[in-house]
Amino acid sequence: MSSRCTFCLLSCLVCLCHYTLTLQWPVNGKQPKSYTYTELTVTGKDLKVCEHQKHICVLDTNDCGSVSAHGNNMFLNTSCRYLFNEKSFGCKWTYLNDVKTKMIHSFIFSRNKGFSHCPSILNLLSGFNLTIKSKDPHRKIERFSEVYSITIENIVQFPRPDVISVNATETSLNVTWIKQWESKKCLVRYKHSTMNEWMEEEDSETFHVIEGLQPLSQYSLTVACIGEYGMLSEWSAEFQAKTLEGVPTAPPNVSYRVESLDNTFRTQKLLLVWKALAINVARGVILGYEVTYASTKQPALAKIITNNLKAELEVAPGDYNVTLMAYNSAGQSPVRHVRINTASYESLPGVKGLWASTEADSLRIRWETETAAVSVSEFAIEWFSLSHAASSQWKRVNGATFSTVLTDSIKQLEIYTINVYPLYESLCGPSESVQASLENGTLLDIVHLRLVNVTKTSVTVRWVWQRKANGTNVLQYRLALSALDESETKFLTVFPHQCQHSFYKLQTNVKYSVSIYGETKSGNFKKTNIEFTTPLYENDEIIKAAVPIVLLIFGFGIFSVLSRTIYKDYFFPSIANPSHSVIGRWLLNPFHEKDTVMRVLQLEDFSLTNQLIEKALMQMEHQKFSEKGVVDEDMMYLPDNSAVENDGAENSEASPSLTEYVDLPLLPDNFGYVENCYIPESTS
């Protein structure tokens, strides 16, 4: 057991040693090269003479006799200079080393004629050969550069000048400096505080005027000079200067839009949106803008002063003269005049699909535009925090751009309102607005997904956009339609300007699912979904098929009724029933047959005048008997006051009212019966 532990410990030590050696000798046992910028400056008093070598001067007597005849390629970009004021000699070079140790450097001066006095060799008329020596104190390795031929006159460096004053105007800086030598020329180098590139201008005096600068801008500048011979001096210390403000040279460009505030069009809102002046035009810090407007019918002026890049005016329909100008501490810009007719104006379509998402410490917004006859030349983007609604930030982008990043003044835990205005010359379209934050992006969420209409081949769904306080940072929402028995899915990106969508070319009698997905940086998630099945037949198809059948049945019924009536009238006519009339019942009455005395009417009594006949009327009425429910058109009745006496009076029915009139003879008062004599039968 102990031997096994010992083996494991030794294995670990071997691995550790191998790892350490690998770090020290990573590639083929060689340490990678390292570049070291090195500079060394000496004076004449630092030089020493070699006793047995009069042609060599060194910094350390140990270097005498150690000069190598062959140079080393580890000394790169070597340059030397001679400072006349300090009587010093210095060199700069890049040393290529394979070991990260501190090297010791020194100079070795040599000349074929020899040196009479080493400290005096550093003068304007001197010339010599230079060798640079580098020594590794740990490994005791010495390396020598190649031999450089030096002439002091050629490497004399002009003393560095000092900038003493800078006088600023709106567009220029007057720089003054001092120098110790008579210079041939001086260079003035300057740059804007927001730029990295230096600009250079040349002058032979002790002052220089830099023209064409931006007003109220910070500049850095420095000066260097060169004499009749030698090298350019070192650049002076950087001097900071700021130009003064100037009067703006141009007015702002303005666009307008007219909107009605009521249904009667008596009150209108005039929206003015203008572009901030460029730096070279503003010539300073714009403190604000002055807007004046007056009706052509009522020339009284109204004035508004704002530091925002828009203004909203409430006006009545008519012609207006509007002026706009910017101002700073130096003065006012020229005036922009605009003539606007609020009763007749052109309209520019607005943007749609505005959405915001977080990107690092900024908000990226994107939008879409509607196809219109007038193309959009620019988009004006306005954003402001709800806690600082008066401080708006503005940005302009090209009309062919539909996305941009808002970086200025975007803070954490702040909710921003973002407005996008489409612009075309002097026209301004309606703004599209959205609220967003760095934590949650656009503060809108989709809820209440529902079906609106389902047919055999299409479906329409509707949803509601709802404000959310916090939640997932959604890059976009997508609407998806998928069949439950198929893998194919249709996707559509939806934005706040959409609240419903229709899918077409669906299959009949198939079950589908509509879902809302949210897309985030980490993936997608399902927000909500709804399922439905397309019908096999449409309601109108069912109605179209049922109506002809119903009409056919109805027509057949009418035809059957009419056919039965006509058939009955022609082939089975009604036969009068005597038992339904008074006379018929009297004739059918069996009691009068038992009378032994026959009673007949006197025929002469019927020979009456026409006047009496006209008075004798008999009314006939069709009566519906409740017992049989049959109407007998041939039944006749006497008037109610003329009752008929017969032996069966007990079983007689009441006579109803008469509905028809028939001429009957009027019986006289002496109307009587003729009584015939009874003739007995013969017995014989």
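Other residues, nucleotides and ligands contribute at most 12 non-hydrogen atoms within 6.0 Å of the CD1 atom of Ile279. Remark: Lys411 NZ is loosely packed, at most 12 non-hydrogen atoms of other residues, nucleotides or ligands lying under 6.0 Å away.
Electrostatic pairing of Lys310 and Glu382 counts as a salt bridge here, judged by a charged N lying under 4.0 Å from a carboxylate O. Of the charged side-chain nitrogens involved, at least one lies within less than 4.0 Å of a carboxylate oxygen, so that Glu378 and Lys275 count as a salt-bridged pair. We find that Glu170 and Arg283 are joined by a salt bridge, their nearest charged nitrogen and carboxylate oxygen being less than 4.0 Å apart.
A donor and an acceptor atom, one from each side chain of Ser502 and Thr460, are located under 3.5 Å apart. Judged by distance alone, the side chains of Ser433 and Ser431 never bring a donor and an acceptor atom under 3.5 Å apart. Side-chain polar atoms of Gln268 and Ser260 form no donor-acceptor pair below 3.5 angstrom.
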Taking distance alone, no hydrogens or angles, what donor-acceptor pairs closer than 3.5 Å link side-chain atoms of residues 505-515 to residues at least two apart or in another chain?
residue : atom : partner : partner atom : Å
Tyr512  : OH   : Gln507  : N            : 3.0

Acceptor/donor pairs from residues 525-532 side chains to any protein atom, 3.5 angstrom cut, sequence neighbours excluded:
residue : atom : partner : partner atom : Å
Lys527  : NZ   : Asp445  : OD1          : 3.4
Lys527  : NZ   : Asp445  : OD2          : 2.7

Apply side-chain hydrogen bond (donor to acceptor under 3.5 Å, both in side chains) to the pair Ser403 and Arg364, showing each step before the final yes or no.
-> CA-CA 7 Å; Ser403 176; Arg364 173 173 288 278; 2.9 Å; yes

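Judged by distance alone, the side chain of Arg462 and the main-chain N or O of Arg450 form no donor-acceptor pair under 3.5 Å.
A cation-pi contact, defined as under 6.0 Å to the ring centre and within 45° of the axis, links Arg189 to Trp235. The cationic atom of Arg478 (NZ for Lys, CZ for Arg) lies less than 6.0 Å from the six-membered ring centre of Phe491 and within 45° of the ring axis.
Here the closest heavy-atom approach between residue Trp274 and residue Ala311 is recorded as CZ3-N, 3.8 Å.
Side chains of Leu272 and Leu324 form no contact here, defined as non-hydrogen atoms less than 4.5 Å apart. Taking 4.5 Å as the limit, some side-chain heavy atom of Leu406 sits within range of a side-chain heavy atom of Ile381. Between Tyr517 and Leu479 there is no side-chain heavy-atom pair separated by less than 4.5 Å.
Aromatic rings of Phe379 and Trp367 (six-membered ring for Trp) have centroids within the 6.0 Å cut-off, being under it.
Residues passing the salt bridge (charged side-chain N to carboxylate O under 4.0 Å, His left out) test with Glu39 are Arg81, sequence neighbours excluded.
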